[in-house]
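First the structure, in the form of structure tokens, and then the observations on it.
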Protein chains: 2
Amino acid sequence: MAATLHDVARVAGVSFKTVSNVINHHPHVRDTTRAKVEKAIAELGYRPNLTARSLRSGHTGAITLALPQLRLPYFAELADAVIEAAAKRGLVVLIEQTGADRKRELEVMASPRLKMSDGLIFSPLALGQEDADLIKADVPIVLLGERIFDSSSDHVTMQNVPAARAATEHLLDLGRKRIAVVGAHEGEVIGSAGLRLRGYREALEARGIPYDDGIVAYVVDWHRSNGAAAMHDLLDRGVSFDAVFGLNDTLAQGAVRVLQEAGYRVPDDVAVIGFDDLDETRYTLPTLSTVDPGRTEIAETAIRMLLERIKDPAGTPPREVETAFRVVARESTMGSAAGAA
Amino acid sequence: MAATLHDVARVAGVSFKTVSNVINHHPHVRDTTRAKVEKAIAELGYRPNLTARSLRSGHTGAITLALPQLRLPYFAELADAVIEAAAKRGLVVLIEQTGADRKRELEVMASPRLKMSDGLIFSPLALGQEDADLIKADVPIVLLGERIFDSSSDHVTMQNVPAARAATEHLLDLGRKRIAVVGAHEGEVIGSAGLRLRGYREALEARGIPYDDGIVAYVVDWHRSNGAAAMHDLLDRGVSFDAVFGLNDTLAQGAVRVLQEAGYRVPDDVAVIGFDDLDETRYTLPTLSTVDPGRTEIAETAIRMLLERIKDPAGTPPREVETAFRVVARESTMGSAAGAA
DNA sequence: CTGCGATTTTACAACGTTGAATCGATATCT
DNA sequence: AGATATCGATTCAACGTTGTAAAATCGCAG
């Protein structure tokens, strides 16, 4: 059986509260008693019972991270970054997968399990702007992503519009004129797809290039297979283009695959850029140009804001933070324009 | 402030223990009082305090999963599977990243945080067979992977030798004669690399083909970039081969990339098979043949064994389970042999 | 060696829950 | 009718920790 404060106290010949004082570095403990107690702790291999400590103190030292699915590489890398950032502050991370299911996203906030942690970092995918009022729980929440703005929670997000604009400008700067889009969402205005499409349109507009819906391919989800399907769709339409903006990296990879199968050279015939800077984009053929949305900064900001909110729940009004981004040019956009699809 | 049993009891006009009985579906509660209590629970939005429950009951309803890094796709998919399997049993999962660092792997087992969960599923990468005796903690452990066998813990592993043998035989069955290996570990006997290389050798031996160390490329880590480096190494050696066995999928992908850059066609000139059946292998060009090591089964078996061990820690001697595997033939091994590198 | 302030240690009461034991009140049996 | 189950609800004591407040010990001046 695990040793308790009482066991240590008995061995050391002091009261259990003195042992507690030693462990918590209470100032008024005589050196000789501290030594006695530490000897007893070592002897018994005592470890504090964190559950009891949590009950008494009201906080657990854990946070919950709720996201759609770890098998989606973007979320795996996000989770990696959040766990690292949390570890730096001595926190552990409890992961809940929602499967992008509306019901499960709501359950995460309502579940009593949430109280096994001190706060929630929540990346919803099914809930949207119309659900802003439902974002609440009995621990502080930091929202991630582009689904919901102006809720009553703190929010960390990437700069989708400017970043997508920069990605598009990167292609335009290479001399590409007809930039197809892979992965738009029908009728979406906010949300990653809507915002990135807006950035794309802004870039075109700034150069006086008319927007052409004929080279924009719509998908339902951002899964790998859909990038391929969207590119098939574009090729079937018989439209011409000399570049592709994949609204995320997996879509872009699917699109590259279909282009190559169809005999187009990337980037010679068609330049391709993605979005997210997944690790794997460094190892595809060709390597994929993309936008680094500042994942580490997102994770660290989220942790920092959550801790501030835990310490002082009603301190400041909800904050909205946008992280820095960076266009990463790789092989898929190297070299000059040649022909087109 | 969150409502407690006492608050509910006051509102319902019963003792707090009766409220507890209602919540725990204790049989002897009159329907009318149950209704009263349920009304009060709803009215106050009462949620049980799981920390207090844990302290009292001695278990938490959480398990810890310790793995190297979520940014490695294999581990992301493993974590996904473990979380799903745990969710089916009503458990939450707390993730610790060790970064494949020996010190952190040992810390995970020694940390008092581990007691915030009821058990540990541990996939070590730095600890090895010589550390078998160090695998212990004050919660039950289920070990995953190929680093350590015959410890005093339960262990779930894939059938590395037979699966690698089957992958090699798949290539041989296509008529390939000279099968290069990418990703061997110098001097390793057990461990994923050592075991898979053994399976490869067994397959050759069974067909009377001599083993040739000249077409085996060694690497230090199984990171993406190393598959590429290993293939460069093979090409530099000037040896000829008509197939490649990548000891995992990311290595195989790196190898494919280099082969394509060098002008070889996959699979026409060189057939390639990987190992792990990562989601992404379905969307590369060409799609990558691989071995499905039974990840879902690994996760579910690990959870089941852990729960059994939690219920009855000393019940049975440590168990060793191997999951079923399956060769998945995709484009990278389709068609017949042509020429070679 | 007594008294007093400062330092060190201890006793006690929580935190919110569940299990064991208890106590009344009905219902059941002889 | 009286003894005995059975059901329903309650009381009490834990689980292991920390904060508060009181008690014990110490050092030192008078």
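Quick note on labels: first sequence line is chain A, next is B, and so on, each numbered from 1.
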**Study point:** Spatial distance of atom CG (A:Leu70) from atom CZ (B:Phe75) [nearest 0.5 Å]
**Key:** 13.5 Å

**Study point:** Whole-Å distance separating the CG atom of B:Leu5 from the C1' atom of D:dA13
**Key:** 16 Å

Review point. How close do A:Val108 and A:Ala66 get, heavy atom to heavy atom, and via which atoms?
Key: CG1-CB, 3.8 Å

Practice item. Check salt bridge (Lys or Arg N to Asp or Glu O under 4.0 Å) between A:Glu77 and all other residues, then give those that pass, not counting sequence neighbours. Key: A:Arg295

Check your understanding: Given A:Met116, which of B:Leu94, B:Val92, B:Asn49 fulfils the side-chain contact (heavy atoms from CB on, under 4.5 Å) condition?
Key -> B:Val92

**Study point:** Angle by which the axis turns from one end of the helix from C:dC1-D:dG30 to C:dT30-D:dA1 to the other, five pairs per end, to 10 degrees
**Key:** 70°

Exercise for review: Check the pair A:Arg319 / A:Asp154 against salt bridge (charged side-chain N to carboxylate O under 4.0 Å, His left out), numbers first and verdict last.
Suggested key: CA-CA 5 Å; A:Arg319 291 162 295 179; A:Asp154 294 325; 3.3 Å; yes

Practice item. May I have the distance from A:His28 (atom NE2) to D:dA21 (atom C1'), rounded to whole angstrom? Key: 14 Å

**Study point:** Rounded distance in Å - NE2 (B:His59) to P (C:dT17)
**Key:** 15 Å

Revision key, fill the gap. The complete set of side chain to side chain donor-acceptor pair (under 3.5 Å) pairs with one or both residues in residues 115-144 of chain B, sequence neighbours excluded, reads B:Thr60-B:Asp118, B:Thr64-B:Ser117, B:Arg102-B:Asp131

Check your understanding: In residues 11-19 of chain A, which residues come under 4.0 Å of DNA chain C by heavy atom?
Key -> A:Val14, A:Ser15, A:Phe16, A:Lys17, A:Thr18

Exercise for review: Would you check if the side chain of B:Arg47 reaches a backbone N or O of A:Ala110 as a donor-acceptor pair within less than 3.5 Å?
Suggested key: yes

Check your understanding: Looking at residues 31-56 of chain A, who's got a heavy atom less than 4.0 Å off DNA chain C?
Key -> A:Thr33, A:Leu55, A:Arg56

Revision key, fill the gap. Tightest non-hydrogen contact, residues B:Val142 and B:Ala302, listed as CG2-O, 3.8 Å

Exercise for review: Decide, yes or no, whether a salt bridge links A:Arg304 with A:Glu308 under the criterion of side-chain N to carboxylate O below 4.0 Å.
Suggested key: yes

**Study point:** Rounded distance (Å) that lies between atom C1' of C:dG19 and atom CD1 of B:Ile23
**Key:** 15 Å

Exercise for review: Identify the two heavy atoms, one from B:Ala9 and one from B:Ser15, that lie closest to each other, and give their separation to 0.1 Å.
Suggested key: CB-C, 3.7 Å

Check your understanding: To the nearest angstrom, how far is B:His26 atom NE2 from C:dT17 atom P?
Key -> 18 Å

Exercise for review: Report yes or no: do B:Glu146 and B:Ser192 form a side-chain donor-acceptor pair below 3.5 Å?
Suggested key: yes

Exercise for review: Indicate, with a heavy-atom threshold strictly under 4.0 Å, whether A:Asn21 touches base, sugar-phosphate, or nothing.
Suggested key: base

Practice item. Enter the distance from A:Thr157:OG1 to A:His155:NE2 here, rounded to the nearest 0.5 Å. Key: 4.5 Å

Polar atom pairs (N or O), protein with nucleotides 26-29 of chain C, under 3.5 Å:
none

Practice item. Using a 4.0 Å heavy-atom cut-off across all strands, classify B:Ser20 as base, sugar-phosphate, or nothing. Key: base

Point to revise | Residue whose nearest DNA chain D nucleotide is more 5′ - A:Asn24 or B:Ser57 | key: B:Ser57

Study note, to complete from the structure: Here the pair of heavy atoms bringing A:Pro112 nearest to B:Pro48 is CB-O, 4.1 Å

Practice item. Could you tell me whether A:Glu96 and A:Arg104 have a side-chain N and a carboxylate O separated by less than 4.0 Å? Key: no

Review point. To the nearest Å, how far apart are A:Arg30 CZ and D:dT25 P?
Key: 11 Å

